[in-house]
Amino acid sequence: MRNLNQDTITDAVLARHAGCADPRLKRILTSLVRHLHDFAREVELTEEEWGRGIEFLTRCGHITDDKRQEFILLSDVLGLSMLTVAQNNDKPAGCTEATVFGPFHVQGAPHYEPGADISNGARGIPCLVRGTVRGVNGEPVPHAQMDVWQSDEDGLYDVQHAELDHAQARGILHADEQGRYHFRSILAVPYAIPHDGPVGELLEAAGRHPWRPAHLHFMIEAPGYETLITHVFRSDDPYLDSDAVFGVRQSLIADWVEQPDGTYLVEYDFVLNPAAAGSQAGAGNEH
Ligand code: BEZ
Ligand code: FE
């Protein structure tokens with residue numbers, strides 16, 4: 001265990017984990033160490049560069065609080081969030097696809113009756129959202145719970161307005177007996193993810209923009225079905241092919257149709273995947 005060199009150090013570290021009692025943790029640690037070491041060797045990482053890497057991660061930590069989560073942003077812009085979603089949400093054909101959760105969901109959003117206006121004063125062009133929630137065999141999912149959130153016309157979520165002390169453009173509603181839902185809100189617009197911190201500097205240095213195409217977020221829960229975390233995207237958005245967090249799926253794109261009175265209408269039908277036998281269906285998830 002002395003005189004380790006750049007080639008022998010990897011096995012020495014892995015051997016140090018031989019006594020790890022948790023097999024899953026051992027597998028993750030082993031792979032992480034292998035890939036980190038291979039990465040450092042491949043790019044011939046200098047001490048100065050790794051120092052800058054640590055300084056970057058430190059700044060991610062310092063800017064993170066209960067309203068700002070720089071590590072989620074980092075995972076999102078590196079495509080790791082979407083990769084994890086993709087490999088854990090392989091659903092049967094016909095089911096609505098999942099996409100990134102993002103950092104702006106808030107537990108305990110206000111509850112609304114069907115048809116209510118969830119904008120609650122948020123700035124934006126009025127918009128009616130409606131559709132159905134069904135299972136893969138076409139059966140209605142009665143009373144499915146829908147947690148919805150979106151940004152305002154300035155591209156900001158309520159939690160990004162420091163002066164705001166109540167929820168806006170977010171809420172929890174239920175579908176009716178036939179799985180139909182409808183609510184009012186505001187027109188979704190493209191927005192830039194927070195880019196005034198280290199992740200923004202990374203995007204800038206990499207020659208990338210911080211924009212996400214316009215979308216509504218949904219988390220849908222119903223007994224007997226897998227919880228669905230997804231978005232519905234606007235079909236006319238210029239950023240559909242360059243989403244900063246790689247979340248777009250073709251099947252999640254819908255038309256927002258302007259009405260004669262200048263308001264908008266979007267219709268989208270969700271299809272839920274039945275929960276695996278024995279799982280805690282509809283019991284909520286850990287987000
Ligand atoms: C969002 O859609 O709210 C979001 C997702 C990833 C990063 C930032 C925002
Ligand atoms: Fe969003």
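Order of listing sets the numbers, starting from 1, for every ligand and every atom in it. Starting from 1, each residue takes its place in the sequence as its number.
No side-chain donor from either of Thr58 and Glu55 sits under 3.5 Å from a side-chain acceptor of the other. Side chain to side chain, Ser251 and Glu97 meet the donor-acceptor criterion of an N or O pair below 3.5 Å. With hydrogens and angles left out, the side-chain atoms of Asp176 and His143 include no donor and acceptor closer than 3.5 Å. Between the side chains of Thr10 and Arg41, at least one donor N or O sits under 3.5 Å from an acceptor N or O. For the 3.5 Å distance criterion, the side chains of Tyr239 and His215 fail to qualify, holding no donor opposite an acceptor.
No side-chain donor-acceptor contact under 3.5 Å links Glu226 to the backbone of Asn273. Using modelled atom types, no side-chain atom of His161 and backbone atom of Val159 make a donor-acceptor pair closer than 3.5 Å.
Among all protein heavy atoms, the one lying closest to atom 5 (C) of ligand 1 is Gly102 CA, 3.5 Å.
Looking at ligand 1, you won't find any N or O of Asp76 less than 3.5 Å from one of its N or O atoms.
Contact annotation: Tyr157 places an N, O or S atom under 2.8 Å from the Fe ion (ligand 2). Between the Fe ion (ligand 2) and Tyr191 there is an N/O/S contact shorter than 2.8 Å. Not one N, O or S atom of His231 sits under 2.8 Å from the Fe ion (ligand 2).
Of the heavy atoms in Tyr157, only side-chain atoms (C-beta onward) come closer than 4.0 Å to ligand 1. Within the 4.0 Å heavy-atom criterion, the part of Tyr191 lying near ligand 1 is the side chain and not the backbone.
Ring planes of Trp149 and Phe101: perpendicular class, angle over 60° (limits at 30 and 60°).
Taking every heavy atom of Ile193 and a limit of under 4.0 angstrom, the matching atoms of ligand 1 come to 7 (C), 8 (C), 9 (C). Of all the atoms in ligand 1, the ones that sit under 4.0 Å from a non-hydrogen atom of Leu73 are 7 (C), 8 (C). For ligand 1, the atoms sitting less than 4.0 Å from at least one non-hydrogen atom of His217 are 1 (C), 2 (O), 3 (O), numbered in the order shown with element in parentheses.
Scanning Pro210, Pro194, Pro103 for the heavy atom closest to atom 4 (C) of ligand 1 points to Pro103.
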